[in-house]
Amino acid sequence: MERSISPDSILMIKAAQSAGVTLAWDRYEAQLPQCGFGETGLCCRHCLQGPCRIDPFGVTGPKLGICGANADTIVARGLARNIAGGTASHSAHAKHLVHTLLKWSRGEAPDYGIKDHEKFDAVLSRVGIARDGKSDRELAGELAHLALAEFSEREEPPVWLETTVTPARMKKLESLGLVPPGLDSGVAEVMHRTTNGVDADAVNVLLGAIKCAVGDYTGMYLGTDLSDIIFGTPAPVLGRANLGCLKADAVNIAVHGHNPVLSEVILAEAERLKGEAEAAGASGGFNLVGICCTGHELLMRHGIPYATNSLSQELALVTGAVDAIVVDYQCVMPSLPEVARHYHTAVVTTMPIAKIAGATHIEFDEANAGERAQQVLRLAIEAYKRRDPARVNIPPVVNDAWAGMSAEGIIKVLSLVDPADPLKPLIDNIVNGNILGVCLFAGCNDVKVTQDKMFVTLIKELVAQNVLVLCTGCGAGSFARHGLLTPAATEKYAGPGLKAVLTALGQAAGLGGPLPLALHTGSCVDNTRAAAVATAIANKLGVDVSDLPVVATAPEAAMEKAVSIGTWAVAMGLPTHVGVVPPVTGSPLVVKVLTQIAKELLGGYFIVEPDPVAAAGKLVAALKERRAGLGI
Ligand code: BF8
Ligand code: SF4
């Protein structure tokens, strides 16, 4: 199988082969054939009596685990634990931001503050905190305490859920018992009910998992709110992408992971210590580039270049030009120190819960953020001095990438056309058919499929049929690295109706051309920004999100976080496509719940389709079905 269609990835994969560097693709091949029991979800290790395996063909092998769990139970429990893993990750990210805000409110986090007062006020009023003459620090403390309460258990529904979904959706979730009492307790409940001897009704397990995923939505919404308050709400910004953004004449630092709590301070300190990098011989000073969702956080708020996605993170080091790679958590390959061993690169871990053997650990917390960031930068300068210029091999691939289309950013652009009623131009164009519907592209790159091929093929199919595209995470990264977040891509690929709308909006925004082909809505945690736009449209029309021609896709999904996001997208009422078959095929019942019964209960459902052209057909059919339901 072709490994990637991304030109810079292709060049660096070749370079890695000549340098004897082992990559994720090599390790994947060494795993083949992957275990059929695991692939179908029919392996259980939830107690020490296992592993238990069910015969997928139901012919001669066991039909039950030792405890008596059947295929449906085992598959449902495995998927539920994936969702709990994803929810725990997003929730921990959000909780980290809550603690940062809380510490700032107490004067214990000097490098942070309230950057976006407008968003601060909007969130306070949404969650019901009155200003009452209180100072920003007092209000921040109050907001942080309200947010912390979301994680354990409340007697009332989570505030960030109830205040952000349509009234109809809230009622539906309540009537189905899908409102988690708290975000952490949702995760804990899944761990409990999926352990040996608890929930053995597959449908009930899946409902528990969906409830947990609703908590995932809630935590992500909260995380995005707090990121915007502390670091600023993104506004449209022109950045660049690909490994060609690394510079031969600068100290290159790749910031990788997810939470802006770390990367924002490194960016600020890099400006301050620029002279030290120059004194070491790097005439370009520091050059920060981003990988994974940290990359999006920096791209959308500061226009910092987006180097590459999760699957190709090792390739950044193969350029021989990265002096330090600094990571926090999530989607960080434990292989980085081994790849770095072939070069001069320093691998720096920063979080107490995310160390990697062979990396340098510089522990970071909000009280000493600036000082620790300086330590990291000086370590990068030392590594730069060891860099071998003869081994620098930066692929000459750079693309422009427009980013920063937060919900607020989208509304601002729309209000240039109709200040009194910003959503009207969008709704009018959906009604008149210029826009067939909206598709949110999310999710990862997955080593099981050719990197970016599904993303690029699927978007071209959809935009040609006038589907408006929003994107986040590695989906946005994929489009950025292929030049699809540009007005030129709109000119080239958009269908006539979509092109007319994007051109009118782009001209109103003063771009002198259309908006980019896909609107970069943020990192993965920011998928709720798209949900916010959909909820605003539904509320304006007095319908639910499940009535709107809006769909989602994770064509190259890999991580547990993508599973939990996909599941809450379904819970919110969206037809949701996945291009990589998840480990559920061992249970026809589980497959039926996810792809059919969910539709009856929630309006949203999963579409599993590995072929991008066929997937486009199914997503377009789902949009048309929704349009017909609305009578448009
Ligand atoms: O949270 S899309 S590989 S980087 S999980 Fe990870 Fe998947 Fe990328 Fe960000 Ni999201
Ligand atoms: Fe086997 Fe049941 Fe234990 Fe799972 S929980 S490993 S099926 S005995």
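Whatever order the structure lists ligands and atoms in, that order sets their numbers, starting from 1.
Listed by number with element, the atoms of ligand 2 under 4.0 Å from a non-hydrogen atom of Asn196 are 3 (Fe), 5 (S). Atoms of ligand 1 lying under 4.0 Å from any heavy atom of Cys444, numbered from 1 in the order shown and given with element: 2 (S), 3 (S), 5 (S), 7 (Fe). Listed by number with element, the atoms of ligand 1 under 4.0 angstrom from any heavy atom of Ser310 are 3 (S). The distance from ligand 1 to the heavy atoms of Cys292 drops below 4.0 Å at these ligand atoms: 4 (S). Which parts of ligand 2 touch Gly50 is read off a 4.0 Å heavy-atom cut-off, strictly below it: atoms 6 (S).
At a 4.0 Å heavy-atom cut-off, ligand 2 touches Arg77 through the side chain alone.
For atom 2 (S) of ligand 1, the closest non-hydrogen atom of the protein is Cys524 SG, 3.2 Å. The nearest heavy-atom contact from the protein to atom 6 (Fe) of ligand 1 is Cys331 SG, 2.3 Å. Nearest non-hydrogen protein atom to atom 3 (Fe) of ligand 2 is Cys47 SG, 2.3 Å. At the top of the distance list for atom 6 (S) of ligand 2, counting protein heavy atoms only, stands Cys44 O, 3.3 Å. For atom 2 (Fe) of ligand 2, the closest non-hydrogen atom of the protein is Cys67 SG, 2.4 Å.
Of the N and O atoms on the side chains of Asn445 and Asn309, at least one donor lies less than 3.5 Å from an acceptor on the other residue. Using a 3.5 Å distance cut-off with no hydrogens or angles, the side chains of Asp72 and Ser587 do pair a donor with an acceptor. Using modelled atom types and a 3.5 Å distance limit, the side chains of Gln451 and Ser312 yield a donor-acceptor pair. Side-chain N/O atoms of Ser89 and Glu560 include no donor and acceptor closer than 3.5 Å. In the model, Glu408 has no side-chain atom that pairs as donor or acceptor with a side-chain atom of Thr233 under 3.5 Å. Side chains of His296 and Ser523: no donor on one and acceptor on the other come within 3.5 Å.
An N or O contact shorter than 3.5 Å links Lys561 to ligand 1 by distance.
The aromatic rings of His258 and His93 sit perpendicular, their planes meeting at an angle over 60°, well past the 30° parallel limit.
Under 2.8 Å from atom 8 (Fe) of ligand 1 lies an N/O/S atom of Cys474, whether from backbone or side chain. When distances to atom 1 (Fe) of ligand 2 are checked against a cut-off of 2.8 Å, Cys52 contributes an N, O or S atom below that limit.
The residue from His258, Met220, Met559, Gln330 that puts a heavy atom closest to atom 4 (S) of ligand 1 is His258.
Salt bridge present: Asp26 and Arg3 bring a charged side-chain N and a carboxylate O closer than 4.0 Å.
Asp526 and Thr224 get closest at one heavy-atom pair: OD1-OG1, 2.7 Å.
Under a 4.0 angstrom heavy-atom cut-off, Ser523 registers as lying outside contact with ligand 1.
Looking only at distances, no side-chain donor or acceptor of Glu189 sits under 3.5 Å from a matching main-chain atom of Cys212.
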